Amino acid sequence: MGVSFSGHAVHRLLACILAVSLAGLLTSCASTKMEYAKEVEMDAYPGPNIQGINRYLKENTVGSRLHGGFIVSKLEHLGVDGVENKDEWDSVDVDSKYRITYLPVYGSIDKFAKGDLFMMNIGFGIYHGIYASTSVGINTRHFELGLSTFQRFTYQIINYLGYERDDEGNLNKLENFDNENRLVFQYGAGAYASLFLGPVTLSYNGNIYRPNKSVIIDKPIPQFKFATPYLFTNNFLVSYWYNPTTEFQLGVTNILVDFNGGHWSLNAGISLWSF
């Protein structure tokens, strides 16, 4: 006795086999997850170099500054504490590092306005991304003090190395060192102070910000999430006023992670003023 199949039945049978195969494949992909992370590296940059006027400015004066310069530094890694896995692996710490990198040049355009004593500033610039800043303070004949804020858009690379568990319960290495950029929004606050000594000005400015409020690694599915520690940026500067509208500057920048570690760089710049 023979069994025969019509062409339509054969097509339906093949379609069913294909559907079952695809369902199995999708189920296999969905079951892939990171069991725990072992290493994480992420880019971190110093906060913008937001300065005061660096000289005494007469009352009821409005001025503009065009500032630019270059940075000399080397790539360095600073350890990040307190990054842990979650769920059943929450007791396993992650070997985490900030990768401190620098763009070699920076620049800004600032607008200042001073009343009798108080002054304010609005600025836009390029400093490891595109940023906007505001500051308020006092400007006297011998010194100035002020507070500042900034908002910045920049690119960041986050690389990780971890382990995933396959369908058979084995742990396999899972890593991403493809240097994929992601756009991030950062914001911070700081302060500045300057001492006027004739044509020479000694100044300091610093700020605090968090490169990421949180980091979520979500490929292929959410795998781990953690908050990043704060970065403290400190700029120590010496300015020389060649004339009332030209300022040369030399300084060093120090970066701390939650007041720990440290990274130093050298910077030099020039400012051109108009009143």
Side-chain angles (χ1 to χ4, degrees), residues 40-52 54 65-80 96-111 121-135 146-160 177-192 203-215 227-237 239 249-271:
V40 174
E41 285 187 5
M42 51 199 137
D43 286 345
Y45 312 104
N49 187 345
I50 303 172
Q51 307 177 29
N54 294 335
R65 175 176 64 192
L66 178 64
H67 179 67
F70 64 90
I71 301 171
V72 178
S73 182
K74 65 177 182 178
L75 176 67
E76 187 171 342
H77 294 81
L78 297 181
V80 177
S96 304
K97 298 181 181 68
Y98 275 145
R99 187 170 43 232
I100 306 297
T101 60
Y102 285 82
L103 295 178
V105 296
Y106 62 91
S108 65
I109 299 175
D110 302 276
K111 191 73 175 182
N121 163 50
I122 298 176
F124 300 91
I126 298 174
Y127 196 91
H128 311 290
I130 299 174
Y131 75 91
S133 66
T134 58
S135 66
L147 301 174
S148 64
T149 64
F150 73 88
Q151 303 81 40
R152 176 169 65 183
F153 283 100
T154 187
Y155 278 98
Q156 185 183 48
I157 298 172
I158 299 178
N159 303 131
Y160 62 85
F177 283 94
D178 296 332
N179 293 338
E180 294 182 0
N181 292 333
R182 60 173 67 185
L183 183 66
V184 294
F185 174 71
Q186 301 169 337
Y187 55 90
Y192 65 85
S203 61
Y204 163 84
N205 72 77
N207 53 62
I208 175 176
Y209 84 100
R210 178 180 281 174
N212 307 84
K213 186 176 181 180
S214 64
V215 174
T228 60
Y230 287 95
L231 277 184
F232 295 85
T233 304
N234 302 282
N235 295 293
F236 304 91
L237 306 163
S239 297
Q249 195 170 78
L250 185 66
V252 294
T253 299
N254 173 255
I255 299 177
L256 300 175
V257 179
D258 279 348
F259 293 110
N260 298 316
H263 176 79
W264 292 90
S265 63
L266 177 68
N267 60 80
I270 182 173
S271 296

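Source: prediction; values computed, not measured.
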Student: Can you check whether Tyr102's main-chain N or O pairs, donor with acceptor, with His128's side chain at less than 3.5 Å?
Tutor: no

Student: Check whether any side-chain heavy atom of Tyr127 lies under 4.5 Å from a side-chain heavy atom of Pro46, and answer yes or no.
Tutor: yes

Student: Anything under 30° is parallel, anything over 60° is perpendicular, the rest tilted; go ahead and classify Tyr209 against Phe150.
Tutor: perpendicular

Student: So Arg99 and Leu75, do their side chains get closer than 4.5 Å, heavy atoms only?
Tutor: yes

Student: Any idea which heavy atoms bring Gly129 and Leu103 closest together, and the distance?
Tutor: N-CD1, 4.3 Å

Student: Could you tell me which residues satisfy side chain to side chain contact (heavy atoms under 4.5 Å, CB included) with Leu250, sequence neighbours excluded, listed by chain and number?
Tutor: Leu266, Ala268

Student: For the pair Arg182 and Ile158, evaluate side-chain contact (heavy atoms from CB on, under 4.5 Å) and give the outcome as yes or no after the intermediate values.
Tutor: CA-CA 8 Å; Arg182 60 173 67 185; Ile158 299 178; 3.9 Å; yes

Student: Do other residues, nucleotides or ligands put more than 12 heavy atoms under 6.0 Å from the CD1 atom of Ile270?
Tutor: yes

Student: Would Val257 and Leu231 satisfy side-chain contact (heavy atoms from CB on, under 4.5 Å), going step by step from the backbone distance to the final call?
Tutor: CA-CA 5 Å; Val257 179; Leu231 277 184; 3.6 Å; yes

Student: Checking side chain to side chain donor-acceptor pair (under 3.5 Å) against Asn49, which of Asn207, Asn205, Thr253 comes through?
Tutor: Asn205

Student: With Gln156, which of Asp43, Thr101, Asn212 fulfils side chain to side chain donor-acceptor pair (under 3.5 Å)?
Tutor: Asn212

Student: Under the side chain to side chain contact (heavy atoms under 4.5 Å, CB included) rule, collect the residues that match up with Asn254, sequence neighbours excluded.
Tutor: Asn234, Leu256, Trp264

Student: Got a salt bridge between Lys97 and Glu41, using NZ or NE/NH1/NH2 to carboxylate O under 4.0 Å?
Tutor: no

Student: Rounded to the nearest 0.5 Å, how far apart are OH of Tyr98 and CD1 of Ile255?
Tutor: 11.0 Å

Student: Could you tell me which residues satisfy side chain to side chain contact (heavy atoms under 4.5 Å, CB included) with Glu76, sequence neighbours excluded, listed by chain and number?
Tutor: Lys74, Leu78, His263

Student: Do Ser108 and Tyr131 have side chains that approach each other closer than 4.5 Å (heavy atoms only, starting at C-beta)?
Tutor: yes

Student: Determine whether more than 12 heavy atoms belonging to other residues, nucleotides or ligands lie under 6.0 Å from atom CD1 of Ile122.
Tutor: no

Student: What's the separation between atom CE in Met42 and atom CD1 in Ile157, rounded to the nearest 0.5 Å?
Tutor: 13.5 Å

Student: About how many Å separate CD of Gln249 and CD of Gln51, when rounded to the nearest 0.5 Å?
Tutor: 4.0 Å

Student: Please verify the inter-ring angle class for Tyr187 with Phe185; under 30° counts as parallel, over 60° as perpendicular, anything in between as tilted.
Tutor: tilted

Student: How long is the span from the CG atom in Asn267 to the CG atom in Leu237, to the nearest 0.5 Å?
Tutor: 6.0 Å

Student: Supply the atom-to-atom distance Tyr204 OH to Tyr192 OH, rounded to the nearest 0.5 angstrom.
Tutor: 13.5 Å

Student: Only counting residues at least two apart or in another chain, list the ones meeting side-chain hydrogen bond (donor to acceptor under 3.5 Å, both in side chains) with Thr233.
Tutor: none

Student: Compare all side-chain heavy atoms of Pro104 with those of Ile71 and state whether any distance is below 4.5 angstrom.
Tutor: no

Student: Do we get Arg152 above Tyr45's six-membered ring, with its NZ or CZ under 6.0 Å from the centre and within 45° of the axis?
Tutor: no

Student: Does Ser148 have any side-chain hydrogen bond (donor to acceptor under 3.5 Å, both in side chains) partners at least two apart in sequence or in another chain, and if so, which?
Tutor: none

Student: Kindly give the heavy-atom pair with the smallest separation between Pro229 and Asp258, and that separation in Å.
Tutor: CB-OD2, 3.2 Å

Student: Can you name the residues that form a side chain to side chain contact (heavy atoms under 4.5 Å, CB included) with Leu147, not counting sequence neighbours?
Tutor: Ala191

Student: Looking only at the side chains, is there a donor atom on one of Arg65 and Asn121 sitting less than 3.5 Å from an acceptor on the other?
Tutor: no

Student: Ignoring hydrogens, what is the shortest heavy-atom contact between Asp110 and Gly123? Give both atom names and the distance.
Tutor: OD1-CA, 3.5 Å

Student: Atom CD1 in Ile126, atom OG1 in Thr154: separation rounded to 0.5 Å?
Tutor: 11.0 Å

